[in-house]
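Chain A is the first sequence line, chain B the second, and so forth, proteins listed ahead of strands; every chain is numbered from 1.
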Amino acid sequence: MSELKLMKGNEALAEAAIRAGADAYFGYPITPQSEVIEYLMAEKPFDRTGMVVLQAESEIAAINMVYGAAGAGKKVMTSSSSPGISLKQEGISYIAGAELPCLYANVVRGGPGLGTIQPSQADYFQSTKGGGHGDYRQIVLAPASVQEMADFVRDGFDLAFKYRIPVLILSDGVIGQMMEKVDLFDPIPRLTDDEINEKYPWATTGKKSGTERRIITSLDLDSHKMEEHNHKLQAKYKEITEKEVRYELIDCDDAEYIFVAYGSSARIAQKAVKLARAKGIKAGLFRLITLFPFPSVKMFEMCGKGIKGFLAVEMSAGQMVEDVRLAVKGCSKVEHYGRYGGIVHTPEEVLEALEQKIIGG
Amino acid sequence: MSELKLMKGNEALAEAAIRAGADAYFGYPITPQSEVIEYLMAEKPFDRTGMVVLQAESEIAAINMVYGAAGAGKKVMTSSSSPGISLKQEGISYIAGAELPCLYANVVRGGPGLGTIQPSQADYFQSTKGGGHGDYRQIVLAPASVQEMADFVRDGFDLAFKYRIPVLILSDGVIGQMMEKVDLFDPIPRLTDDEINEKYPWATTGKKSGTERRIITSLDLDSHKMEEHNHKLQAKYKEITEKEVRYELIDCDDAEYIFVAYGSSARIAQKAVKLARAKGIKAGLFRLITLFPFPSVKMFEMCGKGIKGFLAVEMSAGQMVEDVRLAVKGCSKVEHYGRYGGIVHTPEEVLEALEQKIIGG
Amino acid sequence: MAKVRGAIVVDVEKCKGCEVCIPACPTDVIALAKEVNGKGYHYAYMEDPEACIGCSNCAIVCPDGVITVYKVKL
Amino acid sequence: MAKVRGAIVVDVEKCKGCEVCIPACPTDVIALAKEVNGKGYHYAYMEDPEACIGCSNCAIVCPDGVITVYKVKL
Amino acid sequence: MTEELIIAGFGGQGVLSMGKILAYSGIMQDQEVSWMPSYGPEMRGGTANVTVIVSDERISSPILTIFDSAIILNQQSMDKFESGVRPGGTLLYDPNGITRHPERKDINIFQVEAARLAAEMGNTKIFNMVVLGAYLKIKPVVKMENVIRGLKKSLPERYHKLIPLNEDAINMGLKNVIAVQELQ
Amino acid sequence: MTEELIIAGFGGQGVLSMGKILAYSGIMQDQEVSWMPSYGPEMRGGTANVTVIVSDERISSPILTIFDSAIILNQQSMDKFESGVRPGGTLLYDPNGITRHPERKDINIFQVEAARLAAEMGNTKIFNMVVLGAYLKIKPVVKMENVIRGLKKSLPERYHKLIPLNEDAINMGLKNVIAVQELQ
Amino acid sequence: MAEITLEDIIKPENLVYTKTKLMTDKVLSYCPGCGHGTAHRITMEVIEELGLEEQTIGVAPVGCSVLAYEFMNIDMQQAAHGRAPAVATGIKRVWPKKIVFTYQGDGDLAAIGTNETIHACNRGENIVIIFINNGIYGMTGGQMAPTTLPGMKSSTSPFGRDVQTMGNPLKATELVAQLPGTYFVTRQSVHTPGNVRKTKKAIKKAFENQRDGKPGVSFVEIVSNCNSGWKMTPRDSNVWMEENMFPFYPLGDIKVDGQLL
Amino acid sequence: MAEITLEDIIKPENLVYTKTKLMTDKVLSYCPGCGHGTAHRITMEVIEELGLEEQTIGVAPVGCSVLAYEFMNIDMQQAAHGRAPAVATGIKRVWPKKIVFTYQGDGDLAAIGTNETIHACNRGENIVIIFINNGIYGMTGGQMAPTTLPGMKSSTSPFGRDVQTMGNPLKATELVAQLPGTYFVTRQSVHTPGNVRKTKKAIKKAFENQRDGKPGVSFVEIVSNCNSGWKMTPRDSNVWMEENMFPFYPLGDIKVDGQLL
Ligand SMILES: Cc1ncc(C[n+]2csc(CCOP(=O)(O)OP(=O)(O)O)c2C)c(N)n1
Ligand SMILES: Cc1ncc(C[n+]2csc(CCOP(=O)(O)OP(=O)(O)O)c2C)c(N)n1
Ligand code: SF4
Ligand code: SF4
Ligand code: SF4
Ligand code: SF4
Ligand code: SF4
Ligand code: SF4
Ligand SMILES: [Mg+2]
Ligand SMILES: [Mg+2]
């Protein structure tokens, strides 16, 4: 039975993990997302559902624990924030290469380096282009509310197992730390051992005598086989791009100017839309839900229809804006606005940027 | 006195480090670049110039040793290959954030994950967009010959200190493992301690009593100061983009079709130009030397002048091609060709791709 | 018999009222003030100044290093 | 007195001629062949088959696990 | 109806939980709410503040720089947030420990001596409930019954016996709020 | 002039250093050269091969899939590289250990019994120099004097006393190459 | 005996103790009563007393002491979480005549940084490591550390550390003492005047070792309170520390002049 | 006595030793004479003999044994360099009734993976770790490992390991034996039949410990040759190993049933 609660984004993520039937969480504390493991430890999911929660010695250990458990067919996740996510890049590349399903969250803070612990969206490139090595992609979901922090855990696991791919919930300090009401989805039971063996024949759960052994690896010393493997990965990414794009259009029907934004910036931009409309400016919001796959097709399609410009609004020096540019292929004006380094822009600033960079510019 | 030698790319890199007056190299072995540290250990640079060479316990330790030594005003470097470079991402983000000068090389192999040890160019995104967290950039030099493996060490150090920025030599298994003749530049003496103190007042070398202490950090808990710091970084990147772009145009004057490539792909594409010209196809090569800064201005400028299309040739599933698209802003056809996962495309394949994807497509 | 007298000066605005100095004093000189400083902390002061022997114990354990100690031989 | 006789079968194509089995044999049964196998290795064979007591020492140390051992009690 | 509020004081005053109870109360009457704390090392014994929005509509940005109302509980917060109150908006503060009182002329200003009142009630922990009561007197954005339901929701079961005490504290606040400056 | 060559055999035959000496010789006469080994775990006791380009012009791609010449020193390499020789190109091999001899009709084919000759000279380590001699007889891409200079450059000083021996081996190869099939 | 007034005593010539100049004037960012401040101060006193101000480079970790560079008035670097020993190695290797030390918490040194700690100590880098063990991650809000005691509560062991599922506490100091590359290993505390004096002596010995080129790491653990994380008053936390931490982490020298005691 | 022919002996009923079915038929990728093969085989023999085939999940490292999964005929995962203990922890925690082991080289376990090794051992994960110490990085071409002996040559210590600049060798096994989370710690070798038998017994004990839920890690070091990296013939390398490695890495049990010997 679903349940209405007031929760922090980080807590909702944690609670949703239990409800989504996760088998394990491995993590290492870091602001602004330590509530995830704190909530889990306080909730004793080992008593509630049998879910394992382990505080690892480091982010690297955590992501490799995820690798092991995921390779054994379990629903597992980790979470961290920017510097910790950078440390996980090798592990994520391995998970992508070995085609393991898993979920992880980055509650982004301002960088680079140790930076600040305040919200930021400057890990977009790392998330969508691959911060690790090699040609791999991951599905990136960008929640803009506490509700989505919960729902995307369930959806993220579904996608992860559907495509055997790492799924990243790219959040930020605002969404992680804020409280909102959240309608928690009904608990989904954890799979039984037998169900796992049946559903995931690739998983290393101990080979039945006389059957083929299962191997989880990202290695192939034969370049031809490695190329084939890469082709397979690319085909999967193509399929995902065709099928799994998600976005939300707000006040776009008659809009002449479009804010493109995700996560907390999308909420701010939504208020900027209101302010703009109040001033008679026909603004709309293209809210990205999946950052990979990027809704390039829809965006390109829109730009034929009377749109005079796109303003990419992100708390970074300009990262997502590149994907907007690539999507519209020069057929419309595209500019970037965003504050960064831990500063969250205001709706007023966003509107002003629209007026200056797009309308007036 | 300069010296003509036959050397592997990796050896040339190592020898150039000694000649460039590097103070230290910290590294961890990984194929296909272990020759770097092997060469250094065999050459006993501690006897030749006093340069320190230390095999670290891991890539993470190595990059953080680089951080420490660079923060103390010394000319230091490390090198690795793809998985090892992924592990260094947090450290690189710190180095960028703390504005330290250093040089590192990635001799790329096929990924993702453990992948293969064969050549690849699939770490382009990681290198140019920032595999680590936060809004930072690094200068990326792409050598296409053993000669450049040597020369770019000297140039890279110069750039690193000029801008207090990490400089990446993005090489690959081909350039690292091949031997060619190389004209080694004359040794540059290491700076003396006094020279360091004079040239790099920011370096932590022990504060003179009564003077201000020096602090190397990437942290600021005050978001406003952090934002300011980020603005400073962005201004630096802008300056670099304006001043430090490097590329080479081969047979482009009358070209109708342009291959865009770097590193070993550029050599292969150069041969494809020859093959094309032999067939009467007016092909040229835009060889990128700096990947960041990307020569967008020049590329956009060219695309007005009778160019019918660009073919981005890279050993990846399509990464650099995005920057080409961003550069030409839709004003010319842009396609991607490349084999990957450890396979090196042939000039014949490259030419065929031009004919099919650009000319015929 | 040589007698000593000591005195401490607490940097009131920097004192955090942690009380760590109090048990460190062999002669029970220190107490926290009823008043608070600008940061809202009840700060340390010499409640029994006569008793101070200038041993520096309080200053040595003060985490914030806000105590300066003086001593005279009488 | 009970006597045993043993025999080994070397998987010739998989033997790498490393010689590790040779010092392991208590009765000096094994030597490397003059001939090479498909991989170019001089492979192990029973030079003195009579002496084999089927103790399995050779098989146990063979890194490539290419030796099979048989034994009969006479 | 949309109320955009900041509550600012120092750690230990119950700033965050006051906001949480208010937000929960909003939920109880089917409103949209958001609660956004400032976080970070400055929380450690230092300042603590939270912005709360209660609205009939979907809330866009939870981050506020301008507020309909501000509840201010120490001097540092006064210095920081007085200027952020929207012209015509409301500032409520506890004068205890305040050395520089608000100076704005274009806002409504109220006082509640919550620290003193809580101390008089014999429990300094209900300080924040006294403040809440005062606030609800001025800005009845949520009904009292919903506040009680909100309290129940936000307190763990084992603390429910404390709800009457909290209710008393809220009432104490309701009764003791003083208008310092009312526009019009 | 451009010569694109592959030398293929197994580890320990001196394949890589033969290529290196050839490349050095090219440098000695001011040519452009490249040397590109296959690398990887298969090197460990397994196959080893290197492609060498010697040219009057700047060398574009160092990676070859088609060769002007191939020097083949074991069966595995024969199986792998025979087909890569350009029609009209040249294949030189040591028949020792070869079970399936080359079958192409459109290339020149030569043999040198380098293993036997080296053994007869009492030093199996100069095997690769015998092969080099044979190759230079067929394809005099570099002058002998430059080979000697190349040898000097590529060998550490302490091995220079071995140069005469190497020279003898090269000459042995020069003299003992046998044409199996010559086009035209 | 003539009455003596405070004014008579409080005169420059009667000064017997004041904060070292090698501490800046900034207000320490630590919670009231936190041992970090004392540890900072005595470290700086030692550097001043040994006259090493101009030669010393300190390395701050990630943890509550991340801002150590704001308070220590010498050249400092801030290292990534856990990597201070690698950063210090980098500095010391290129400036072998300088004095280099790290200042690290238990999460930093004994969780994420275990590899760097073990290897710097095993290589025998000629550096000083000052290790503040407060049994918790103070900075991030009181999560369990590798050093958290069995049964001890933290925000990630809210019902107490369950050794069965969360693992054993790690005695990092005993471990590094086993390594051939450590020259001096000791465990101290800074909660009483006597302990502060002992600890300062230990720190002095550590820096002297480095100054004199004694081979290897000098490693000083300081068991300290995290009253915020432990949710106690500073005074209570010091008592709790004596009663609970010291039995598990006994104070005293473990290795002196390269010899295990 | 009647003459007996080989044909009489080589009959199925006379079989006394053959390779276990739990090794695949693939030709091992190891150099001739490398101990990895023997270590693989006896590990698989133990799993077969204990009847654990269907319950066991192995974790291969990055190192020469990266391809262990090609040879061990059971479910296997390949871990990132050094992270096998974390990967094994992940598996074991979600499948507590399965048998999980790692197989790691010295570079993998004692250099880049030190943190994961120490913490898995300190937490007391109920897993088996098989640790092949050949004093070198075999896979990448013979670079110095943390375990390389003083004075020993490698491609990154071409003039011999200089302890002064390159640091001391690390005795990882002695170190983990100090941790409360290890239950069984032993050092063995596989170069003679006697040693193989002993090592197999040790491996069997290790897996039995895990099967029986004995608390903590069972850790089996195998000192082995890397004849390629050492640049010796296999036979010479085994002699060299006895003369040089064993004095520094003495064979024998170090901790049994949770008790240090
Ligand atoms: C890579 C990375 N992971 C995690 C963090 C978050 N973090 C900051 S401090 C800290 C732990 C600090 O604990 P400790 O080292 O014991 O120091 P204390 O605060 O207790 O003095 C953590 C986990 C970080 N900044 N970077
Ligand atoms: C992150 C990373 N760093 C480095 C490497 C390169 N590498 C592969 S195996 C290896 C060392 C192997 O040595 P060891 O663990 O002793 O195993 P052995 O080959 O000796 O059995 C290294 C450094 C890698 N693959 N990944
Ligand atoms: S120890 Fe220092 S900060 Fe604490 S109360 Fe005493 S004087 Fe104040
Ligand atoms: S100096 Fe000694 S006697 Fe005086 S107050 Fe301090 S501790 Fe007490
Ligand atoms: S030990 Fe095995 S591989 Fe080695 S020679 Fe003997 S049979 Fe052959
Ligand atoms: S079985 Fe024993 S006796 Fe027979 S060959 Fe093998 S080792 Fe020698
Ligand atoms: S949180 Fe703990 S360690 Fe950090 S300053 Fe406060 S008391 Fe000290
Ligand atoms: S390189 Fe060494 S460890 Fe690797 S297979 Fe060869 S002998 Fe064994
Ligand atoms: Mg701590
Ligand atoms: Mg090894």
Side-chain angles (χ1 to χ4, degrees), chain A residues 3-11 31-35 42 107 109-110 116-119 144-147 172-183 250-251 259 261 263-275 285 287 313 315 339 342-351, chain E residues 2 4-7 15-44 46 48-67 84 86 142 146-147 149-156 158:
Chain A
E3 218 180 308
L4 206 62
K5 284 224 172 188
L6 181 72
M7 287 186 129
K8 277 196 175 193
N10 289 333
E11 293 167 349
T31 310
Q33 65 79 55
S34 297
E35 292 87 356
V107 183
R109 56 193 244 180
T116 90
I117 56 177
Q118 299 304 316
S145 63
V146 173
Q147 184 66 49
D172 61 59
V174 175
I175 306 293
Q177 290 294 327
M178 76 185 292
M179 280 196 172
E180 281 187 315
K181 78 179 168 195
V182 47
D183 193 354
I250 296 168
D251 291 337
F259 296 115
S264 54
S265 271
R267 309 224 0 179
I268 294 159
Q270 192 178 344
K271 193 153 174 187
V273 168
K274 259 197 209 163
L275 300 178
L285 169 64
R287 175 167 87 90
V313 181
M315 296 187 284
R339 297 189 63 178
I343 299 278
V344 179
H345 32 242
T346 63
E348 292 75 15
E349 288 169 336
V350 169
L351 175 56
Chain E
T2 296
E4 298 184 334
L5 165 72
I6 186 160
I7 314 172
V15 162
L16 300 185
S17 63
M18 186 189 340
K20 199 166 157 185
I21 289 160
L22 189 61
Y24 249 123
S25 313
I27 293 181
M28 291 303 117
Q29 53 191 47
D30 260 347
Q31 284 173 301
E32 300 295 320
V33 300
S34 78
W35 174 101
M36 178 77 213
S38 75
Y39 62 93
E42 75 270 19
M43 272 181 66
R44 190 162 301 137
N49 67 70
V50 60
T51 55
V52 176
I53 307 178
V54 181
S55 175
D56 297 332
E57 295 162 52
R58 178 172 164 184
I59 294 163
S60 48
S61 172
I63 304 261
L64 301 175
T65 45
I66 298 172
F67 319 101
R86 187 186 309 287
V142 285
N146 289 323
V147 175
R149 288 171 65 202
L151 258 173
K152 279 206 182 113
K153 263 285 189 183
S154 69
L155 286 178
R158 65 184 184 285

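Here NE2 of A:H345 is found 12.0 Å from OG1 of E:T65. Values are rounded to the nearest 0.5 Å. The OG atom of A:S145 sits 7.5 Å away from the CZ atom of E:R58 when rounded to the nearest 0.5 Å.
Proximity to chain A involves both the backbone and the side chain of E:S34, based on heavy atoms less than 4.5 angstrom apart. No part of E:I53 comes within reach of chain A, as not one of its non-hydrogen atoms sits under 4.5 angstrom from that chain. Both the backbone and the side chain of A:V174 come within contact range of chain E, each with at least one heavy atom under 4.5 Å from a heavy atom of that chain. Proximity to chain E is limited to the side chain of A:T346, based on heavy atoms less than 4.5 angstrom apart.
Between E:P37 and A:Q177, the shortest heavy-atom distance links the atoms CD-O, 3.3 Å. Minimum interatomic distance between A:G173 and E:Y39 (heavy atoms only, all atoms of both residues): CA-OH, 3.5 Å.
A donor-acceptor pair under 3.5 Å links the side-chain atoms of A:K181 to the main chain of E:Q31, judged by distance alone.
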Run E:I63 and A:M178 through side chain to side chain contact (heavy atoms under 4.5 Å, CB included) and show every step you take. CA-CA 9 Å; E:I63 304 261; A:M178 76 185 292; over 6 Å; no

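By number of non-hydrogen pairs under 4.5 angstrom with chain E, the leading residue of A:E180, A:K271, A:K274 is A:K271.
Counting heavy atoms from C-beta outward, A:L6 and E:S154 have side chains that stay 4.5 Å or more apart.
Here A:E11 does not pair with E:K20 in a salt bridge; the nearest charged N to carboxylate O distance is not below 4.0 Å.
A:K5 NZ: 12 or fewer foreign heavy atoms inside a 6.0 Å radius.
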